[in-house]
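These notes are about the structure you will find just below.
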Amino acid sequence: QMYEVDQRPVKRPQKRQEPVQLETITPNYPIGELTQEYFFSYTCNLYFEQSKNITIEGCYLGTDPAGHAAEKSKDGFNAYDCQNIFIGSEDQQRGNVISGNSSRGIRLSMCRDVVIQDNKIGVDRTGLISLPNKNAAIELWQVTGGAHVSNNHIVGAISGIHLMDCSDALIFENIINTDSSFQQDLG
C-alpha cells in the first residue's frame with residue numbers, strides 16, 4: 001500500500017554553538033558510573049526536566065568505559081518538558097553511544113525542538129556488536145515543534161524508534177537493526 005508523503009517543511013532546531021556545561025559530564029566517560037553518585041541510583045544516566053538548550057555529545061550512556069559492555073541503568077537519557085535538545089553530533093566521531101540500558105536508550109516526553117543525530121544506539125561503540133536497550137532505542141512522546149532523527153545507527157530490542165502523539169517529525173538516513181554494511185542482522 002502506498003502512502004502520500006507530507007511535503008510541508010519541517011522546522012529544525014538550531015544546534016547550540018557551545019554545549020551546555022555540566023560538571024558531571026565529560027566526553028567519552030561512562031556516565032553510568034556518575035549517576036549512582038550524583039543522580040538517583042541508576043534510574044537514569046541523564047535526566048532533565050523543564051530545561052532549555054541541552055547538548056549531549058561524545059558520551060557513553062549505559063556502557064562500560066570502553067563502550068563494549070552494558071552497565072546497570074534504566075534509561076540512557078530521559079527528558080521531560082524540555083526545549084531545544086541536541087543529542088549527538090554533526091561528526092560521527094563525536095556522537096554518543098547509548099546502549100545496554102535496561103529500559104530505553106532515549107526517552108523524551110512533552111519536549112520541543114529536538115535533534116537526535118549521529119549516535120550509536122543499541123550497539124557497541126564499533127557498531128558491529130548488538131548491545132540493545134531492552135525496550136525502545138528512541139521513544140518520543142508528545143514531542144512538538146519538530147523532531148529530527150537522522151544518521152543514527154539503531155538497534156532496538158522491542159522497537160527502534162517509537163513515536164507517540166508527535167508532530168512535525170522528520171526521520172531519515174538511520175541504520176536500523178543491521179550493521180553499517182547491511183550484511184548482518186543485529187536486531
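Quick caveat, the model's predicted, so the values are computed rather than measured.
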Measuring from Asn45:CG to Asn101:CG, what's the distance to the nearest 0.5 Å?
-> 5.5 Å

How far does CZ of Arg107 sit from CH2 of Trp141, to the nearest 0.5 angstrom?
-> 7.5 Å

So Ser103 and Asn135, side chain to side chain donor-acceptor pair (under 3.5 Å) or not? Walk me through it.
-> CA-CA 5 Å; Ser103 190; Asn135 292 323; 3.1 Å; yes

Min side-chain heavy-atom separation Asn96-Ile56 under 4.5 Å = yes

Pair Arg112 + Asp81: basic N to acidic O under 4.0 Å = yes

Begin with the C-alpha distance, continue with both residues' side-chain angles, and end with the deciding distance and a verdict on ring-ring contact (aromatic ring centres under 6.0 Å, His included) for Phe77 and Phe48.
-> CA-CA 8 Å; Phe77 178 78; Phe48 290 86; 5.6 Å; yes

Under the 3.5 angstrom rule, does the side chain of Asn152 hit a backbone N or O of Asn119 as a donor-acceptor pair?
-> yes

Separation of Glu71 CD from Ser102 OG (nearest 0.5 Å) = 12.0 Å

Is Leu131 reachable from Ile161 through a run of hydrophobic residues whose side-chain heavy atoms are each under 4.5 Å from the next?
-> no

Are any side-chain N or O atoms of Ser51 and backbone N or O atoms of Glu49, one a donor and one an acceptor, separated by less than 3.5 Å?
-> yes

Classify the side-chain pair Gln117/Asn151 by whether it contains a donor and acceptor separated by less than 3.5 Å.
-> no

State, with a plain yes or no, whether a side-chain heavy atom of Cys82 is found less than 4.5 Å away from one of Ile54.
-> yes

Can you find a heavy atom in the side chain of Ile176 that is under 4.5 Å from one in the side chain of Val155?
-> no

Are any non-hydrogen side-chain atoms of Asn78 and Leu46 less than 4.5 angstrom apart?
-> no

Look up atom NZ in Lys74 and atom CG in Asn133, then write down how far apart they are to the nearest 0.5 Å.
-> 13.0 Å

If you group Ile, Leu, Val, Met, Phe, Trp and Tyr by side-chain heavy-atom gaps below 4.5 Å, do Ile121 and Ile129 land in one group?
-> no

Met164 versus Glu139: any side-chain heavy-atom pair under 4.5 Å?
-> yes

